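Heads up: the structure comes next, in structure tokens.
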2 protein chains.
Amino acid sequence: MAASKDPRPCSIADTLALVGEKYSLLVLREVCLGNGRFDQLVRNIGAPRDILATRLKRLVEAGILAKKMYSERPQRFEYRPTAAGLELESVLMTLMAWGDRHLRRDDDRPMVIEHNCGKPLLPVVTCSVCGDEVRHEDLTAHPQAPGWTVSGPAAP
Amino acid sequence: MAASKDPRPCSIADTLALVGEKYSLLVLREVCLGNGRFDQLVRNIGAPRDILATRLKRLVEAGILAKKMYSERPQRFEYRPTAAGLELESVLMTLMAWGDRHLRRDDDRPMVIEHNCGKPLLPVVTCSVCGDEVRHEDLTAHPQAPGWTVSGPAAP
DNA sequence: GGCGAGAGTTGGATTTTCCAACTCATAGAG
DNA sequence: CTCTATGAGTTGGAAAATCCAACTCTCGCC
């Protein structure tokens, strides 16, 4: 899914080129939960089997998943996240947090993640230097490559 | 983009149903940078104009963007993020961080975001309760709704 | 020998995307 | 006043992706 026509160089776009296609991030969700078998994926995600097969190939190529044999005879496989794949879990967590906040009435969350501090996880994106929560108004974009113009931060 | 066939209830899936289609998150990127005009979006994203028009309608409907008039005669519009849209910026930051880490050699990042603490932003997802960085092995999933089975955390 | 599970493939119908060209309103140049 | 340009989209048809049900192939088990 390369973003067509001479777009800006951008790590967001490049990452989405790998995981931005329909179902890809849901595959990662399942795989992070330990549900890495083909038929589990089909059932839990509700994706067509052929599309799923395509996505899995792509994610393995990209080094986000690894295909592991869990039974030799009969040959059976399972997909697991690589280290790089696990790092994408933070994307899933922020997506889930947003959905829980904006798409659901109160506390009917379909899933709660428990952090090992003992509390339900409410993930927050912070600056690794100062530790503060990242807020739009505290950010300034500095394009490093040609092709970028920034009109100044957007206010709602 | 509803994930077909009776899938699991899931806030990740629901959020992706709104912003998971091709170009949608890139639109959000541009709009967060303040580049909210139609032709800017076309140029910076490299998306077909008709698709972009469709995405914009959807994002406005979803309450992620708002369409504002910035000139009455001639009538000219601009898209801006709503508060909910701005909250999705954390997703963009985590995607960018992943791409910078895994898809680029060293320090040729196409864009550096400066945090108002004065340093280049390196975003980290943390637990809002204990403040620790969120790592896969510290998480336990607790399904709240039917349709979920979890095989236990996945190891790479 | 037949049944069933797991992990995919295959072929054809349906949807989306893509692309270039077109519209429409207005502003400014000559 | 005509001509060109700009912004913000629409339109129509070709090309690509998706969806779906059915099929394959390999074993293990009763």
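The structure displayed is predicted, hence computed values, not measured ones. By convention in this document, chain letters (A, B, ...) are assigned in the order of the sequence lines, proteins followed by strands, and residues within each chain are numbered from 1.
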Practice task
Please work out if A:R73 contacts a base, only the sugar-phosphate, or nothing of the nucleic acid, heavy-atom cut-off 4.0 Å.
Solution key: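 Result for A:R73 = sugar-phosphate.
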
Exercise for the section: With heavy atoms under 4.0 Å as the rule, sort B:F38 into base, sugar-phosphate or nothing. Expected result: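 It contacts base atoms.
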
Counting only side-chain nitrogens and oxygens, does [X] get under 4.0 Å of the OP1 or OP2 atom of [N]?
X     : N      : value
B:Y23 : C:dT16 : no
A:R43 : C:dA5  : no
B:Y70 : D:dA8  : yes
B:K22 : D:dA17 : no

Between [options], which nucleotide gets closest to the side-chain atoms of [X]?
X     : options                : value
B:K67 : D:dC20, C:dC18, D:dG9  : D:dG9
B:P48 : C:dC18, D:dC19, D:dC27 : C:dC18
B:P74 : C:dC18, D:dG9, C:dA27  : C:dA27

Practice task
Spell out, as yes or no, whether a donor-acceptor pair under 3.5 Å connects the side chain of A:S24 to the backbone of A:G20.
Solution key: no

Completion exercise
Result for 5'-nearest mapping on DNA chain C, choosing between A:K57 and A:R76, is A:R76

Practice task
Just jot down the side-chain contact (heavy atoms from CB on, under 4.5 Å) partners of B:I51, sequence neighbours excluded, or say none.
Solution key: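 side-chain contact (heavy atoms from CB on, under 4.5 Å) list for B:I51, sorted by chain: B:Y23, B:P48, B:R55.
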
Problem - 5' priority, DNA chain D, between A:R55 and A:E72 [closest heavy atom] - result: A:R55

Handout entry: B:Q40 vs A:T54, nearer the 5' end of DNA chain D by closest nucleotide
Key =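 This one resolves to B:Q40.
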
Validation: residues 112-127 of chain B side-chain donor-acceptor distances under 3.5 Å, sequence neighbours left out:
from	atom 1	to	atom 2	distance (Å)
B:E114	OE1	A:H142	NE2	2.7
B:N116	ND2	A:D138	OD1	3.4
B:T126	OG1	A:V124	O	3.2

Handout entry: Within 6.0 Å of CD in B:E72, more than 12 heavy atoms from elsewhere
Key =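 Result for CD/B:E72: open.
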
Handout entry: Quiz item: A:R37 side-chain donor-acceptor pair to C:dG6 base, under 3.5 Å
Key =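 Looking at the base of C:dG6, it does not pair with any donor or acceptor on the side chain of A:R37 (distance under 3.5 Å).
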
Exercise for the section: Take the protein atom CZ of A:F77 and the nucleotide atom C1' of D:dC25, then report the distance between them rounded to whole Å. Expected result: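 From A:F77 CZ to D:dC25 C1': 13 Å.
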
Handout entry: Nearest atoms (heavy-atom pairs only) where A:R104 meets A:R109
Key = CD-CA, 4.3 Å

